[in-house]
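Naming convention: chains lettered A, B, ... in sequence-line order (proteins, then strands); numbering from 1 in each chain.
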Amino acid sequence: MLRWLIGGGREPQGLAEKSSVQTIGEEQVQNPYTELLVLKGHQDIVRFLVQIDDCRLIASSDKSEGWSILEVKRLVDHQDNILSLISVNDLTFVTGSHVGELIVWDALDWTKQTSECSFWDSSVQPDAQTEIRLFQSPNETSVRHLASDEENVYAAVGKGIYVYNLQMKRVIACQRNAHDSSVLHIEMLPNRQLISCSEDGSVRIWELREKQQMPAEPVPTGFFNMWGFGRANKQANQTKKVQENARIHFLELVGDLIGHSSAVQMFLYFSELGLVTCSADHLIILWKDGERESRLRSLTLFQKLAQNGDL
Amino acid sequence: MISAPDVVAFTREEELGDELYREPPLPEEYSVPLFPFAGHGANPWAKVSSSKFSRDFILISEFSEQVGPQPLLTIPDDAKVPGSFDLNYFSLRIMSVDYQASFVGHPPGCAYPKLNFVEDSKVVLGDSKEGAFAYVHHLTLYDLEARGFVRPFCMAYISADEHKIMQQFQELSAEFSKASECLKTGNRKAFASELEKKLKDLDYTRTVLHNETEIQKKANDKGYYTTQAIEKANELASVEKSIIEHQDLLKQIRSYPYRKLKESDFHAYEPEGTLDQAGTSSEQDLATSDPAEPGEMHLYSRLPSYTPKLIKAKPAKCFDKKLKTLEELCDIYFFNQTLDQLHHIERTFRGDVCYLLTNQISRALLKQQSVTNFLFEDVSFLEEKAPENQYRGCQGLSQDAADRKCSEESPAPKVVISLGSYKSSVECVPIKMEQDMGDPQEPSMTESITFEHQENLDYLDADLKGSISSGESIEVLGTEKSASGLMKSESQASLPISPSPQVGRSKVGSRRTVSEDSIEVLSTCPSESLIPEDFKASYPSAINEEPYVDDEEGGLRFTPRLNPDNADEQEDVSNQENLAQIDSACCIGKESPSFLEPLPGLGQKQCDEDGVVRIPPQPYRQAEQGLHGSLVGSPPCDGAPGGLLPHELDSRCPTAGREVSRTSLDECSDSTSYISSAASTCSDRTPSPAHPVCLTNERHKKKAGQNALRFIRQYPFAHPAIYSLLSGRTLVVLGEDEAIVKKLVTALSIFVPNCGAYAKPVKHWVTSPLHVVDFQKWKLIGLQRTVSPAGVGVLHALSRYSRYVSILDADSKTLRCPLYKGTVVARLADHRTQIKRGSTYYMHVQSVLTQLCSKAFLFTFCHHLHLPISEREPEESVVNRRMNFLKLHLGLANEDVKIVQYLAELLKLQYIQEPGQGANPLLRFDYVPSFLYKI
């Protein structure tokens with residue numbers, strides 16, 4: 001695309017850029033967000049959003065004051081700054097640190113239940129040959145954000161997304177290069193979709209899928225062919241699959257939202273009302289389902305018609 | 001019996017015709033009836049006009065008490081405009097029909113002089129010999145030094161086209177009333193200050209006289225008064241009387257505005273915002289603060305600084321003093337305002353009457369479509385004030401329609417002409433200019449006509465007898481006086497020979513005016529009481545018409561002519577003609593629900609075979625409001641599937657019905673259009689802006705149309721590009737050369753739907769990287785391509801947001817955008833089109849877009865397409881119904897659906913938008929793949 005633009009259209013074939021990041025084309029059937037509304041109120045980076053109720057939120061930008069902390073207890077098991085924290089349930093919480101450690105804590109006695117500290121190592125296993133960079137900077141391994149549901153903890157580690165199963169105590173699926181840049185926020189939706197936003201300014205929608213796999217089947221290529229995953233010219237085979245009882249989990253990209261011109265700091269999900277993203281470009285964007293909005297507008301229209309007595 | 005002038009007219013025409021017919025020695029079967037005057041000008045529709053002026057102009061004249069009628073100024077102020085046209089002579093004529101029957105001075109039984117606040121009179125005059133027709137607006141200004149304190153003036157709009165004057169009567173009247181009101185407001189102010197000055201003088205004089213008397217009294221000890229003393233005392237008494245009189249006058253002039261405001265139809269002069277910013281402040285402020293005022297005016301307004309003069313007992317002789325000029329008579333500020341207004345009038349009514357009418361009609365129709373008109377129409381006209389259009393001439397095609405309309409319409413509170421509607425009807429009143437002719441003919445007139453115009457006749461006689469002695473003709477084609485309310489009963493007498501004179505009067509008819517010795521009054525009068533039966537029964541004797549060669553055409557052709565001598569003979573003819581006229585009117589009503597439907601049968605003899613439309617468009621008649629309301633619940637929407645076929649639906653499209661398909665066809669759209677038989681076609685070549693603000697728009701349209709035409713011919717991928725615009729996908733025109741990019745943007749801008757009643761979402765030239773906000777705001781963007789690093793940034797941003805945009809690369813002539821397989825755009829932008837002119841193509845585009853709009857309107861406002869019919873109906877079935885409607889009923893194919901859906905979305909947004917807040921700029925998009933098009 002860019003090459004076509006720069007080259008004045010001489011080379012339209014080069015539309016797909018060489019990038020390690022999986023891309024999805026312009027055709028995104030499953031992407032429900034077909035309408036956006038930009039809110040322009042902030043003068044600085046919008047870092048944080050707080051949901052008030054079903055349809056309201058607060059945005060906090062860099063110019064607002066910090067947060068107050070009620071209780072502090074020092075836990076000294078991390079090797080580096082703790083960047084993320086999440087409580088899974090009443091008994092468990094999980095922390096992630098800058099160097100890529102993930103520790104699951106017992107909330108009652110403040111003890112470490114389990115920890116995972118080498119995401120990059122564990123993920124290299126299936127295709128170590130293709131891994132070019134062996135030395136990764138801490139930035140690419142820091143656990144920036146954690147999300148969880150009852151069974152899994154979803155970790156935004158560097159550019160990738162990892163799904164850590166609490167019961168199996170190991171990573172069951174991952175996208176090592178989910179984004180071009182650090183993933184800043186992830187959230188699991190009730191419909192098994194995972195939304196991630198990143199410093200590269202994009203928001204991506206993933207779906208955690210599982211598939212029974214024939215145990216005898218050769219692992220990578222057959223899998224991709226069978227699923228028709230990506231096109232030939234796309235370098236899309238970053239899916240990490242873990243075989244467990246012949247079940248593999250993988251994250252499939254179902255859509256991406258492009259609107260922000262700078263790092264997307266955070267987002268809030270308002271179920272069918274849509275998605276709100278905030279970014280360092282001072283903007284908040286509401287992403288909505290165009291079909292639904294159109295229906296709602298029709299409804300409003302007829303209500304107004306009735307009000308005006310025109311009906 | 002045909003009177004002498006008629007014979008003259010006919011013979012002259014035949015002579016000319018014969019000359020030309022002699023030339024081509026063609027066999028009979030090949031002889032095409034040539035236009036007899038082909039040699040005179042390229043335009044066969046141009047009436048050969050005997051007028052000596054090249055274009056319409058405005059003339060201000062005064063009936064000076066010293067020198068008689070004299071022209072003061074013309075607008076445009078260019079000696080070339082009147083040309084050899086004798087302004088002095090014409091002033092004489094128009095001023096001689098002055099309405100001043102009013103008495104100013106000492107009315108009997110009144111101690112003091114009374115100012116008479118005379119209403120302006122509005123008259124249409126025709127001078128057949130000069131080929132000039134004029135709307136004449138008489139007004140009086142006050143002048144302390146003038147006889148009876150009044151100075152009669154008139155403003156006249158002079159045109160060679162009688163139709164124009166008659167059809168634009170209301171508009172002219174309204175506009176000139178504004179000018180007149182402005183002039184009079186200034187005059188009252190000046191008059192009041194003049195009075196105050198005079199009072200000071202008088203007061204001073206009284207003091208001086210009083211002192212002198214006292215001195216004399218003291219000096220006089222003889223016990224009796226000397227003659228000198230008595231003289232002084234008399235003088236003092238007369239000064240005191242004069243003071244009281246002037247005080248009374250001052251009181252009168254000051255109380256004027258308040259008295260007038262109580263009258264419902266009074267249209268107070270309010271300075272318009274565009275003309276003057278200062279005008280919003282009070283008049284008093286203006287007078288004292290306006291720096292533009294000359295010193296003299298300051299003298300008037302700064303009364304405290306005025307040094308009173310002693311007034312001599314004997315006033316100067318009437319002819320010794322120099323009368324004030326018009327500028328002096330009214331405040332200079334208001335004078336300039338008036339001139340502005342008159343210039344505005346001149347611009348507004350410039351050009352052919354057909355053009356004016358079509359414009360007015362389309363404007364009025366568009367105004368009605370309040371729900372959809374923002375999409376593709378000019379923003380400027382939407383911002384126009386409504387009242388102007390609210391009371392457009394209501395001369396409907398059919399008599400009964402007009403009547404219905406009149407009964408529906410309650411008297412408007414704020415119209416200049418207090419009667420909501422007018423119908424032109426023709427009255428023929430023989431008013432003699434020559435003394436010896438007045439008597440034998442007048443008695444033969446029908447009594448009530450005489451009665452009706454008694455007041456006119458009175459002053460006409462009084463004035464004309466004195467001033468005109470030649471046997472020239474003058475016609476009073478319309479007076480407003482005759483339309484005043486007190487004549488309700490007499491209005492029957494005003495014979496509506498033709499309910500719509502523009503239809504009725506043919507070329508020949510309008511040339512009747514060669515009559516040498518009569519004054520004809522064609523009056524516009526109220527039509528409340530006019531029903532067809534009325535004019536059949538009453539006073540047929542006053543009408544007569546020239547027998548028509550092609551009467552069987554059923555033409556609404558009337559040649560109202562005053563000829564009392566052969567009245568009886570003509571009676572039958574006129575009755576027949578009336579019947580025929582009513583019949584055809586009814587037919588028109590039935591056959592063409594659209595007001596715009598041309599009446600081919602009524603074409604004139606010479607041209608109807610070419611299929612040239614000869615009937616000028618009718619002034620627009622405001623139809624019932626609540627159009628959308630009634631449409632929403634209308635059968636086509638509620639009907640079961642299959643209830644409405646696409647072609648049926650098409651015919652229902654408000655303005656995009658058969659009319660469009662007929663006139664927008666490529667083969668004819670450039671060659672013909674509505675062309676009237678109006679004389680101004682040839683005399684007024686200047687393009688006629690219907691509204692001053694449109695002047696630039698007009699040019700823009702032409703240019704845009706031309707560029708668009710070039711675009712669709714040059715680029716084979718014009719269709720997907722236009723589809724992108726119509727479906728709301730932003731199109732970015734990328735290029736290095738600013739001029740080329742801007743040209744393309746201008747060309748494509750005519751396809752961009754507006755998102756609200758604001759400016760078009762078009763950005764002609766951007767040099768910085770685009771942002772998502774830009775796509776929300778702009779639907780068409782011209783973007784600079786540079787080789788610099790900054791330029792790479794621009795392209796990077798573009799490639800990042802490529803899913804929201806279609807990109808037209810102007811340098812390499814490529815286009816990247818989604819696929820289009822519909823049919824609408826093919827009609828809109830056919831590269832094989834025969835249309836050659838930009839403005840024509842623009843209109844073609846407008847008509848297709850209007851059709852789309854109507855489809856979008858139907859789609860948006862059909863209840864069952866968006867809401868479930870029953871509560872249990874699942875959403876999918878509603879969706880199915882919606883798609884069915886779009887595809888089957890609206891006949892939309894493939895991507896066309898998306899166009900209508902997008903337009904519908906815009907309509908929804910516009911409709912549900914709360915008045916206070918601006919429209920939310922939404923960005924709607926689809927995840928569809930783009931393709932690359934090359935030339």
**Message:** For a quick test of reading the model, state the closest non-hydrogen atom pair linking E873(B) to P868(B) and the distance between them.
**Reply:** OE1-CA, 3.2 Å
**Request:** Measure distances from D289(A) to the heavy atoms of chain B and classify the residue's part below 4.5 Å as side chain, backbone, both or neither.
**Result:** neither
**Request:** Check whether F775(B) gets within reach of chain A through its side chain, its backbone, both or neither, counting any heavy atom under 4.5 Å.
**Result:** neither
**Donor-acceptor under 3.5 Å (N894(B) side chain, K821(B) main chain)** = yes
**Message:** What I want to find out is whether R803(B) reaches D256(A) closely enough, with some N-O distance under 4.0 Å, to be called a salt bridge.
**Reply:** yes
**Asked** Would you say the side-chain atoms of K908(B) and S298(A) include a donor-acceptor pair closer than 3.5 Å?
**Response** yes
**Prompt:** Looking at R882(B), Q776(B), K813(B), which has the largest count of heavy-atom pairs under 4.5 Å with chain A?
**Reply:** Q776(B)
**Complete:** Okay, E875(B) and chain A: the region with an atom under 4.5 Å from a heavy atom over there is side chain
**Which atoms of L867(B) approach chain A - backbone, side chain, both or neither, heavy atom under 4.5 Å** = side chain
**Prompt:** Is the shortest distance from a Lys or Arg side-chain nitrogen in D774(B) or K763(B) to a carboxylate oxygen in the other one below 4.0 Å?
**Reply:** no
